[in-house]
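Numbered from 1 within each chain, the chains take letters A, B, ... in sequence-line order.
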Amino acid sequence: MIIGSVSEDIKVEKRVALTPEILKKYKTLGLKICISKGYASHIGFSDSEYQNEGVEVLNNKEEVILKSNILIQMGIPSNDDLKLLKENQTLIGVLNPYNNEEKLKNLISKKVNCFSLDLLPRITRAQSMDILSSQANLAGYKAVVDSFSIFEKAIPMMMTAAGTISAAKVLVVGAGVAGLQAIATAKRMGAIVYATDVRMASKEQVESLGGKFLTVEGADNLETEGGYAKEASIEFKKKQEDLLKETLKKIDVIICTALIPGKKAPVIIKKDMIEEMQSGSIIYDLAASQGGNAEFTKPNEVVDYNGVKIVGEKNILNKLPVSSSNLYSKNVFNFINNLYDKEKKQIDLNFEDEIIDKTNVRFNGN
Amino acid sequence: MIIGSVSEDIKVEKRVALTPEILKKYKTLGLKICISKGYASHIGFSDSEYQNEGVEVLNNKEEVILKSNILIQMGIPSNDDLKLLKENQTLIGVLNPYNNEEKLKNLISKKVNCFSLDLLPRITRAQSMDILSSQANLAGYKAVVDSFSIFEKAIPMMMTAAGTISAAKVLVVGAGVAGLQAIATAKRMGAIVYATDVRMASKEQVESLGGKFLTVEGADNLETEGGYAKEASIEFKKKQEDLLKETLKKIDVIICTALIPGKKAPVIIKKDMIEEMQSGSIIYDLAASQGGNAEFTKPNEVVDYNGVKIVGEKNILNKLPVSSSNLYSKNVFNFINNLYDKEKKQIDLNFEDEIIDKTNVRFNGN
Amino acid sequence: MEIDPFIFRISIFILSIFVGYYVVWSVTPSLHTPLMSVTNAISSVIIVGAIIAALAGSDNEIFQISSIFGFLAIILAAINIFGGFLVTQRMLQMYKKKKK
Amino acid sequence: MEIDPFIFRISIFILSIFVGYYVVWSVTPSLHTPLMSVTNAISSVIIVGAIIAALAGSDNEIFQISSIFGFLAIILAAINIFGGFLVTQRMLQMYKKKKK
Amino acid sequence: MSANLSATFYLISGILFILALRGLSSPETSRQGNYFGIAGMVIAIAVTFLAIGNFGLGFIVVLIFLLVGGSIGAFIAFRIPMTAMPELVAGFHSLVGLAAVFVAIAAFLKPEAFNLGIVGNIKLASLIEMSLGAAIGAITFSGSIIAFLKLRGIMSGAPITFKGQHILNLFLGILILVLIFYLCKTQMSNIFWAIVIISFLVGVLLIIPIGGADMPVVISMLNSYSGWAAAGIGFTLENTALIITGALVGSSGAILSYIMCKGMNRSFFNVILGGWGASEQNSTSTSKEQKPVKNGNADDAAFLMKNASSVIIVPGYGMAVAQAQHALREMVDALKKNGVKVSYAIHPVAGRMPGHMNVLLAEANVPYDEVFELEEINNDFSNCDVAYVIGANDVTNPVAKSDPQSPIYGMPVLDVEKSKSVLFVKRSLSPGYAGIDNDLFYRDNTLMLFADAKKMTEEIVKSL
Amino acid sequence: MSANLSATFYLISGILFILALRGLSSPETSRQGNYFGIAGMVIAIAVTFLAIGNFGLGFIVVLIFLLVGGSIGAFIAFRIPMTAMPELVAGFHSLVGLAAVFVAIAAFLKPEAFNLGIVGNIKLASLIEMSLGAAIGAITFSGSIIAFLKLRGIMSGAPITFKGQHILNLFLGILILVLIFYLCKTQMSNIFWAIVIISFLVGVLLIIPIGGADMPVVISMLNSYSGWAAAGIGFTLENTALIITGALVGSSGAILSYIMCKGMNRSFFNVILGGWGASEQNSTSTSKEQKPVKNGNADDAAFLMKNASSVIIVPGYGMAVAQAQHALREMVDALKKNGVKVSYAIHPVAGRMPGHMNVLLAEANVPYDEVFELEEINNDFSNCDVAYVIGANDVTNPVAKSDPQSPIYGMPVLDVEKSKSVLFVKRSLSPGYAGIDNDLFYRDNTLMLFADAKKMTEEIVKSL
Ligand SMILES: NC(=O)c1ccc[n+]([C@@H]2O[C@H](COP(=O)([O-])OP(=O)(O)OC[C@H]3O[C@@H](n4cnc5c(N)ncnc54)[C@H](OP(=O)(O)O)[C@@H]3O)[C@@H](O)[C@H]2O)c1
Ligand SMILES: NC(=O)c1ccc[n+]([C@@H]2O[C@H](COP(=O)([O-])OP(=O)(O)OC[C@H]3O[C@@H](n4cnc5c(N)ncnc54)[C@H](OP(=O)(O)O)[C@@H]3O)[C@@H](O)[C@H]2O)c1
Ligand SMILES: NC(=O)c1ccc[n+]([C@@H]2O[C@H](COP(=O)([O-])OP(=O)(O)OC[C@H]3O[C@@H](n4cnc5c(N)ncnc54)[C@H](O)[C@@H]3O)[C@@H](O)[C@H]2O)c1
Ligand SMILES: NC(=O)c1ccc[n+]([C@@H]2O[C@H](COP(=O)([O-])OP(=O)(O)OC[C@H]3O[C@@H](n4cnc5c(N)ncnc54)[C@H](O)[C@@H]3O)[C@@H](O)[C@H]2O)c1
């Protein structure tokens with residue numbers, strides 16, 4: 001069996017699905033690999049690095065797509081590329097079925113097996129393939145590093161002969177995977193970190209990282225069975241607003257990570273709150289692509305509102321492409337490892353397996 | 001007595017010599033203050049913030065210069081502004097006498113008292129006015145935050161379900177004030193930090209921050225009595241090179257801070273060393289304005305050499321203007337506090353005082 | 001002015017109680033089990049009484065009823081003495097720091 | 001089978017040594033000074049001997065030379081007893097935790 | 001041998017016993033302590049022979065008995081598995097108790113031999129002493145037997161309680177005292193026998209209501225009893241060695257059981273008066289604590305780790321919750337000072353976010369080269385002496401390897417169970433994130449340290 | 001009063017003394033311990049009166065003497081300043097020693113009164129005992145006098161040594177033994193007097209070579225001597241209370257001096273044999289240690305801070321070098337648990353880079369609101385009980401406020417000297433960055449804790 005991967009459109013996506021680190025592991029599975037020329041050179045991995053590990057570097061994307069049994073990508077390929085796919089080929093990536101329904105229906109009708117890793121169930125066994133975790137984790141880290149680099153003051157407390165710089169106060173909205181890593185990173189830098197979330201379990205988690213949890217009093221636990229958040233009640237939202245408004249007066253940097261799966265991101269940082277903030281503060285909105293947690297967030301833009309900078313980052317991991325690609329390739333490998341039947345040397349569409357079943361893209365139950 | 005300060009050329013200098021924080025202290029000395037319009041609005045301090053503390057905001061720079069007895073600035077004012085200064089006025093700032101000899105001689109001949117704070121002796125009593133320390137400290141911090149934000153990998157070690165990200169390795173060249181803060185900051189973020197310096201005392205200091213000191217064997221202690229570095233011998237340089245070349249293979253980020261007062265910065269990271277470095281690595285050169293510690297450093301440019309990014313930052317504190325202005329104004333205040341005679345309500349040119357004597361700009365002994 | 005030896009014995013008794021009290025407080029908890037086993041072994045000094053009982057009277061009386069109790073007591077105590085000390089020894093062997 | 005009382009006394013002596021040994025090991029260092037002063041006070045039980053010496057013989061003998069030594073010893077020991085215990089008391093007062 | 005000389009030697013033997021106990025106070029001197037004990041015993045026995053001065057037939061018979069008993073003892077000592085230590089000690093206690101009873105009986109039957117008067121007219125003090133000795137000996141005997149049976153598993157470890165138990169015990173105790181009084185008055189041998197028999201009964205009654213978990217305390221208490229019995233006999237025989245040793249063993253045993261109660265956080269009186277408190281506890285805790293766990297304290301943990309040659313630390317979410325990273329680092333430092341090799345094993349999903357453990361360990365300045373990921377270190381567990389699992393749970397759960405039904409099946413886990421001993425620091429037996437029970441808690445080589453992770457680690461540092 | 005009864009009471013009084021010492025083992029029970037001691041003493045005296053049974057003139061005279069002595073003692077006890085404690089104890093010792101000598105003399109002069117035979121034919125054992133008692137008592141007396149004089153400053157604290165000192169001491173010691181032997185043989189009173197006089201001399205010779213710093217050890221040793229003397233007399237008088245107490249005091253004093261030596265890192269034998277080691281040390285260390293510093297250990301520090309109501313921590317470069325921040329945080333946590341208010345005072349230039357201390361404290365997770373800059377906290381020192389200065393030096397140096405010549409003149413410094421006690425943790429008396437001596441080390445309210453900052457802090461945590 002041959003695994004293939006072609007260059008992404010590096011204007012929107014710098015990450016790749018195959019990094020040199022993982023190649024050895026594919027070899028042990030007995031899989032061949034081919035990639036298109038200049039596949040990852042934009043992030044410092046030269047073709048020769050791949051060739052050294054036995055990867056075939058083909059001249060253009062078409063060759064790769066035609067040759068491979070499994071095509072692994074980061075995002076969904078362009079329409080041109082998709083046209084080349086045919087029966088029994090398998091496509092694995094973050095296909096985002098809700099936004100790409102048309103394209104995918106097309107593929108499915110061609111009997112191409114499509115697996116979208118964003119559909120992965122959050123079960124223990126799937127942790128090693130969990131791209132949401134691996135990528136959100138890095139996003140949380142990077143959001144902090146980036147916002148601190150934009151911020152015009154120093155973060156940690158410094159008592160010096162020329163006076164004291166007091167520690168910056170950071171608020172993390174949403175303490176999921178990204179939020180927790182953001183808390184940890186900000187804490188490391190010496191910031192005073194606050195966090196808020198709708199799930200009760202996150203309080204202990206925030207505190208386990210040295211953050212302070214802003215508890216909305218009388219709040220229900222808005223956690224689904226899968227560990228995700230439910231949409232909050234109006235009453236809850238009101239209480240959360242009041243609490244935040246008070247807190248925000250002293251906050252220097254806000255990192256937004258609150259998401260509700262399958263819905264628009266909740267708008268948590270409202271206009272009136274932003275007006276209370278000090279000039280020079282930063283709102284770094286990781287939820288930008290889902291609409292943002294702050295009122296003025298615009299994806300991939302920096303909005304200046306009364307001196308408060310609102311940074312809407314759509315794909316922050318483009319700023320950390322090496323680490324994120326490494327983790328993503330590992331996730332994909334683990335997924336293929338589960339999918340591939342070493343005896344029969346082919347993929348095994350065992351829909352009894354929750355992981356395979358849930359990630360397989362089907363519409364209306366087909 | 002009236003203290004004045006006019007806007008700097010914000011294209012090259014974003015810092016200011018007077019921030020709202022310090023105004024109260026001037027008041028207690030009984031000094032009046034005037035500034036020019038829009039003085040610090042570019043860093044978020046509105047004129048009204050100053051006015052609230054009793055500062056007179058004048059419409060243009062001329063008025064300020066004419067009105068004030070002491071003019072405090074960050075850098076040396078423009079020629080136009082300097083022309084307005086006349087006998088018995090005092091100018092305080094970082095005047096950089098070696099580069100601005102012409103201008104200053106002119107002023108001195110007009111009997112303008114010029115004090116350049118970069119000439120401050122490094123004695124204990126002067127610590128609170130020591131702008132080199134206060135600014136270098138922030139520079140060291142910012143260099144790390146900035147380079148980490150540019151770096152395409154994550155810094156801290158993370159063992160995750162999708163594999164391990166190993167900790168980044170950072171080398172700090174020169175463990176003076178900036179270097180030590182860089183070590184501390186990088187260490188905080190979870191990097192493995194190495195440092196090198198020519199002064200023996202710095203070994204203990206580096207270790208006191210959790211860094212690893214690269215000891216050049218058989219090195220003499222190249223420390224002057226003032227605590228600065230002397231230029232190294234050829235033999236020493238050779239040994240240092242060999243040691244660094246070996247180390248650099250695994251280093252991800254280099255922060256350069258090595259300086260020798262009054263001389264060009266030593267070139268420590270040579271071409272052949274850079275060639276050994278991994279693609280994607282960063283060299284962040286704080287010594288850029290003095291020529292740089294790395295071979296390809298260009299001030300205010302990012303040079304890409306074989307995938308290694310060499311960032312030459314000339315005035316990094318423009319990226320951290322608020323904190324650095326706050327500390328600078330405090331330094332200036334402490335200096336004036338020492339200079340000003342509260343009884344006589346005028347400045348007291350007591351040249352017995354080492355601080356006043358050494359900072360006063362005179363050429364050829366006048 | 002002769003003092004009844006009983007008073008002396010009581011003194012000795014009480015002082016020994018103090019000694020016992022203090023000795024044990026200073027024992028590290030991990031040695032509690034060996035300590036128990038060694039005190040157990042020591043408490044078989046009762047064998048002294050057993051021997052006296054067994055040998056009371058002349059040789060031809062040795063199988064009198066009282067002597068027989070003595071002999072039985074000797075066996076019991078002897079089991080204890082040997083068993084107790086040896087088992088302690090074995091336990092302490094375990095506590096020996098491994099050579100590295 | 002009478003045992004010389006001396007043997008008993010030796011036993012008592014030795015056991016007391018053990019008790020003294022252990023008692024002190026468990027004292028916190030900060031109490032060492034009060035400990036010294038209290039043992040000093042205690043060691044003036046020698047007054048018992050002094051009293052016996054002073055009152056040896058009948059009333060009209062009390063100013064005999066040996067009795068005089070007894071009386072002197074009484075004074076010395078008494079100074080010690082009162083002084084020792086009181087000073088200890090004062091010291092311990094200092095160690096009382098302040099009320100907050 | 002003169003009475004004075006033998007008294008002196010008995011004193012020496014008593015002192016040797018003190019030194020024996022003193023030696024046990026630290027592992028370094030402990031073996032020496034044991035030798036002191038042996039020396040004391042040899043002297044006591046030898047002096048007894050010399051004092052009697054009869055080296056005829058009787059002496060030889062005694063020697064034979066001694067050797068027979070000794071061989072049996074030695075045989076048991078060598079054969080017994082180390083794990084059966086507690087029941088062995090209990091068994092041995094019963095022997096001492098019975099021996100005390102026998103000696104008392106012998107003295108009662110033939111007081112002349114001991115200089116106590118003659119049958120029917122035994123000295124009052126001696127009579128009191130010997131009946132007390134016999135009674136305590138008998139209680140020790142039957143009590144130890146019950147303890148032995150419970151520990152051996154022959155009898156159920158569950159406390160056996162019935163109404164009026166305490167009143168019955170009290171009544172029997174008073175009865176014994178009354179009988180002793182009458183014995184002194186009438187010198188009737190039947191009363192003596194009655195005392196012995198009732199005492200046997202009391203021993204049984206005292207121990208049956210005490211649960212298996214409290215047995216170590218009970219054994220130590222019985223130890224104490226056997227000491228008092230010996231002291232009683234010592235007074236009868238006017239033997240200093242017996243008095244000293246008896247008092248020593250008596251008080252040390254009592255203190256030891258007190259210390260052990262404190263260590264286990266149990267009330268001394270509840271344990272000793274067995275069943276006082278038990279009735280209330282039973283109802284709530286029986287169903288949950290079906291499977292027995294081994295419960296340790298900081299000292300045990302410190303001891304185990306100090307004497308290990310390699311220790312692997314397995315941190316989990318509980319370490320983060322307790323913010324125990326700094327204390328943990330301290331503990332590791334202390335261990336390293338003791339020459340122990342220590343490494344950290346980080347499971348990829350330990351904690352609640354990727355890299356959770358790394359952040360915390362870095363904060364505590366743990367050098368990166370001591371931190372290993374699962375794949376690097378998993379094989380090392382089989383060569384390691386102690387795995388110190390601090391607030392981790394799911395990531396060690398072997399069910400992930402064995403039970404396809406389990407929600408965590410297929411997750412790689414750290415093979416902590418392969419190390420010689422596993423220490424689990426957590427607050428209770430409750431499960432972790434995945435909500436499933438962890439079989440390791442109940443394993444033989446596991447010691448549970450129930451406490452907040454930070455507190456426990458700090459205490460271990462103190463004990464190191 | 002019958003001999004048995006009084007013996008019993010003496011026993012009780014001995015036991016009360018044991019309990020007295022036991023009480024001193026912890027601050028909570030210490031006062032209770034003192035009461036036990038008083039009770040024991042009262043019983044011993046009362047029993048003696050009752051045993052003699054003579055309540056005539058003699059009794060009254062004795063009472064008067066008792067009261068006179070008692071008043072003097074009480075007067076001294078109330079008047080003496082607390083700082084003079086060591087010399088007071090030394091003075092008191094001398095009294096006990098002298099009392100022992102007097103009792104021995106009385107017994108020698110009038111043995112009938114004590115049942116020891118008659119003059120010229122005193123029982124052998126008693127004679128040995130009383131001459132030993134007298135000799136030890138005499139040594140205690142003259143030794144204590146010397147110690148008292150040295151401590152009081154009347155005599156120089158410097159060790160007085162001369163060649164052959166040890167040989168002379170040895171010779172005198174043997175001489176005493178030989179004289180005792182002849183005394184037993186001849187019962188000549190002159191020999192007895194000679195023994196007493198030579199012993200006085202020995203006492204002086206033993207103590208003069210010991211330096212002032214070692215005096216606490218010496219006092220405790222003399223304490224021990226006085227105990228042995230009492231025990232000797234106890235044997236003479238066949239008095240259990242004296243024997244028990246003497247042995248108790250004797251052994252506890254000896255152990256105490258051993259413990260104190262260990263605590264001060266001095267060799268026990270060097271101190272006791274005074275001057276053995278001194279000769280070598282002297283040459284090197286005299287010039288430097290001109291000014292005396294108070295030297296403490298972890299236990300002292302722990303005790304002081306535990307009982308403080310507020311503590312201010314002053315970290316400096318030494319904390320960074322030792323990487324003591326984590327241990328420090330632990331210490332503060334422990335203190336806070338004890339209800340002590342703790343804050344950190346950060347000097348603007350503490351360490352070697354701006355914000356040096358902040359980085360490290362943040363690493364150790366010290367909450368920001370416990371960290372204060374100089375201006376915020378400098379006034380709080382005067383209200384604080386203990387300033388814990390850990391590896392800081394220049395930033396506390398008051399010379400910056402007073403001496404315009406000093407290189408650090410004009411730098412604001414932390415006014416640590418205003419707090420009730422100052423603890424300085426550093427490795428030696430060497431100066432800091434500025435290279436100047438710090439006057440605070442020699443202040444009365446300063447206790448120096450010479451050690452690596454991390455080690456010391458860890459030890460304090462252990463003692464808390
Ligand atoms: N790493 C990730 O990205 C991630 C994200 C989400 C979920 N997870 C899941 O989280 C789990 C991680 O495993 P784990 O072993 O680290 O944690 P765990 O299985 O959740 O176990 C943590 C244990 O720590 C104990 N604990 C809690 N607080 C404590 C305290 N203060 N002192 C002492 N013990 C304390 C708890 O027991 P007591 O209550 O008895 O004390 C609990 O059993 C895995 O199931 C993983 O799938 C991981
Ligand atoms: N903050 C800055 O930006 C900066 C920059 C340059 C210079 N300085 C200067 O540095 C000084 C700072 O004052 P400071 O009080 O923090 O430091 P300091 O005056 O230099 O004193 C540090 C003390 O720590 C002790 N020490 C060193 N290692 C130790 C260890 N492992 N354990 C215990 N003690 C240890 C040393 O005494 P022992 O050797 O006896 O142990 C030393 O006296 C000032 O003079 C300041 O002017 C500051
Ligand atoms: N079992 C596993 O293997 C596994 C793996 C990874 C993550 N998880 C769990 O999945 C859960 C979700 O993690 P995620 O990062 O993917 O979540 P997410 O990205 O969907 O959401 C981010 C966070 O935003 C919060 N949020 C939503 N609405 C909010 C509001 N109105 N106000 C404040 N906060 C709001 C959510 O509660 C969540 O914590 C977490 O509990 C995580 O621990 C489990
Ligand atoms: N006494 C005070 O009040 C005071 C205040 C601040 C700083 N200082 C001291 O002043 C000294 C200098 O500090 P600075 O930051 O201003 O120095 P700097 O900016 O002049 O130089 C930075 C560092 O580069 C090092 N360096 C020079 N040549 C080098 C080479 N070839 N290789 C490697 N390293 C080289 C220097 O040793 C110095 O540590 C330090 O010792 C500092 O502690 C003292």
(request) Examine whether an atom of D:Ile81 lies under 4.5 Å from a heavy atom of chain F, and if so say whether it belongs to the side chain, the backbone or both; otherwise answer neither. (result) side chain
(message) Taking every non-hydrogen pair under 4.5 Å, which of D:Asn40, D:Val23, D:Leu86 racks up the most with chain F?
(response) D:Asn40
(request) Under 4.5 Å heavy-atom distance to chain F, tell me which part of D:Ile10 shows up: side chain, backbone, both or neither. (result) both
(message) Consider side-chain contact (heavy atoms from CB on, under 4.5 Å). Of D:Ile75, D:Ile46, D:Ile68, D:Leu72, which one does F:Phe102 pass it with?
(response) D:Leu72
(request) With rounding to the nearest 0.5 Å, note down the distance linking OG in D:Ser37 to CG in F:Leu88. (result) 8.0 Å
(message) Taking side chain as everything from C-beta outward and backbone as N, CA, C, O, which of these in F:Asn34 sits under 4.5 Å from a heavy atom of chain D? Side chain, backbone, both or neither.
(response) both
(message) What part of D:Ile74 gets within 4.5 angstrom of chain F, counting heavy atoms only: side chain, backbone, both, or neither?
(response) side chain
(message) Does any backbone or side-chain atom of D:Ile47 lie under 4.5 Å from a heavy atom of chain F? Answer side chain, backbone, both or neither.
(response) side chain
(message) I need the minimum non-hydrogen distance between D:Ser43 and F:Ser226, along with the two atoms involved.
(response) OG-OG, 3.6 Å
(message) Using every non-hydrogen atom in the two residues, find where D:Arg9 and F:Ile243 come nearest and quote the distance to one decimal.
(response) CD-CD1, 3.5 Å
(request) Tell me, please, which residues at least two apart from F:Lys420 pass salt bridge (charged side-chain N to carboxylate O under 4.0 Å, His left out). (result) F:Asp385
(request) Over all heavy atoms of both residues, which pair between D:Val45 and F:Ala44 is shortest? Give the atoms and the distance, please. (result) CG1-CB, 4.1 Å
(request) Rounded to the nearest 0.5 Å, what's the gap from NE2 on F:His93 to OG1 on D:Thr39? Could you check? (result) 6.0 Å
(request) Mind ranking D:Val19, D:Ile12, D:Leu76, D:Thr88 by heavy-atom pairs under 4.5 Å with chain F and telling me who comes out on top? (result) D:Leu76
(message) Is it the case that the ring center of D:Phe13 lies less than 6.0 angstrom away from the ring center of F:Phe235?
(response) yes
(request) Select one option (side chain, backbone, both, neither) describing which atoms of D:Ala41 are under 4.5 Å from chain F's heavy atoms. (result) backbone
